[in-house]
Amino acid sequence: MRIPPPLLVALVLIPVFASAAAQDTRSSNCISSTAPGDHTFTCERLPVYAHVPGFCPLNGCGVILEIHGDTGTGPLQDAHLKLAELGENAGYIVIAPTGGGFPPADEALIRIVRLFAKVFKADSKKIHVTGFSRGGYAVWRLACNHPELFASVAPAAAGLPMTEEEASCFTAGSLPSRRIPILMMIGLTDRNVPVNSQTAMRDRIVSRWKLSGPEKISGDSRYTHSRWAGPEGGVLEVFEHRYELPQGGGHCIPGSPVVGATRYAFACKGPNAFRWGEEVMRFFQAHPIP
């Protein structure tokens, strides 16, 4: 039987990892060390890469949850964004779990974030989440389902669900309970995630939050950085780019240093005018919970 292309894309995005959310590891037992540096823990049956800056155990840093896409792992995702390295100087603990799929593990991710925030006495106003591709779709859901936890969010290469029946943020009347600041990235030549679903998500946010704009912040012939703003603290920043993978297609991460990777090879071919990881960190630093 031939599967129609839209349905085929939807099937590719259906999560296959269901066991993590079912189990219930809610104690601090999985965090075996609070020492500074790199760690790998197993929490909620998920391997969790974590980086703890040297001064965080005593001073209450922020926390960034970093979610990978298909074929990835937490460490591979961070290799593209370098948030652990950036967080060392900016004062953020970075946690990057590895899972076989979301949304079945969404609530496991939330429990992991809350656990790290508790154990490390994190600043509750500086907890953020970013994700790429399937991880970006998870970010959209978490933005609507847990806006009380996350100060701001940064989804990349992810838009509206493939079908209207799928639940996500800004669909079927679903909105965050507060106007959580959003940084979004769209690859205008993306072959993996329909570009129209990504731009439709952007437009839906602008419409439903009655944002004004766009104000062009920067750009050239290959990218544009725009900003919308509105009442009650509504902020949407969007990077739209035409960078592509070496083999073509814009499902890629600008500024990634992992060019020529043999696995999870989503670095955009250079030169790139911005580094996505740096922009994510900038946005998170600028948008704690008031």
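None of these values were measured; they are calculated from a predicted model.
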Residue set satisfying ring pair (Phe, Tyr, Trp, His ring centres under 6.0 Å) with His225, at least two apart, ordered chain then number -> Phe239
Between Tyr92 and Lys126, is there a cation-pi geometry (under 6.0 Å to ring centre, at most 45° from the normal)? yes
Using a 3.5 Å cut-off and no angle test, enumerate the donor-acceptor pairs between side-chain atoms of residues 212-222 and protein atoms at least two apart in sequence or in another chain.
unit_1 : atom_1 : unit_2 : atom_2 : d
Ser218 : OG     : Tyr223 : OH     : 2.9
Asp220 : OD1    : Arg222 : N      : 2.8
Asp220 : OD1    : Tyr223 : N      : 3.2

The complete set of salt bridge (charged side-chain N to carboxylate O under 4.0 Å, His left out) pairs with one or both residues in residues 240-259, sequence neighbours excluded, reads Arg202-Glu240
- Query: Would you say the ring centroid of His80 lies under 6.0 angstrom from that of Phe132?
  - Reply: no
message = Checking the side chain of Ser133 only, and the main-chain atoms of Gly135 only, is there a donor and an acceptor separated by less than 3.5 Å?
response = no
Count I, L, V, M, F, W, Y as connected when their side-chain heavy atoms are under 4.5 Å apart, and connections chain through other members. Are Leu46 and Val139 then in the same cluster?
yes
For residues 182-290, the disulfide (SG to SG under 2.5 Å) pairs (sequence neighbours left out) are Cys252-Cys268
Residues pairing under salt bridge (charged side-chain N to carboxylate O under 4.0 Å, His left out) where one sits in residues 73-91, two or more places apart or in two chains, turn out to be none
- Message: Tyr49 vs Glu66, test: side chain to side chain donor-acceptor pair (under 3.5 Å). Steps then yes/no.
- Response: CA-CA 10 Å; Tyr49 164 71; Glu66 189 175 18; over 6 Å; no
ring-ring contact (aromatic ring centres under 6.0 Å, His included) pairs touching residues 168-210, sequence neighbours excluded, are Phe170-Trp209
Self-check item: Stepwise side chain to side chain donor-acceptor pair (under 3.5 Å) check, Ser152 with His287
Solution: CA-CA 6 Å; Ser152 61; His287 293 93; 5.3 Å; no
Can you tell me if Asn272 uses its side chain to pair, donor with acceptor, with the backbone of Pro254 under 3.5 Å? no
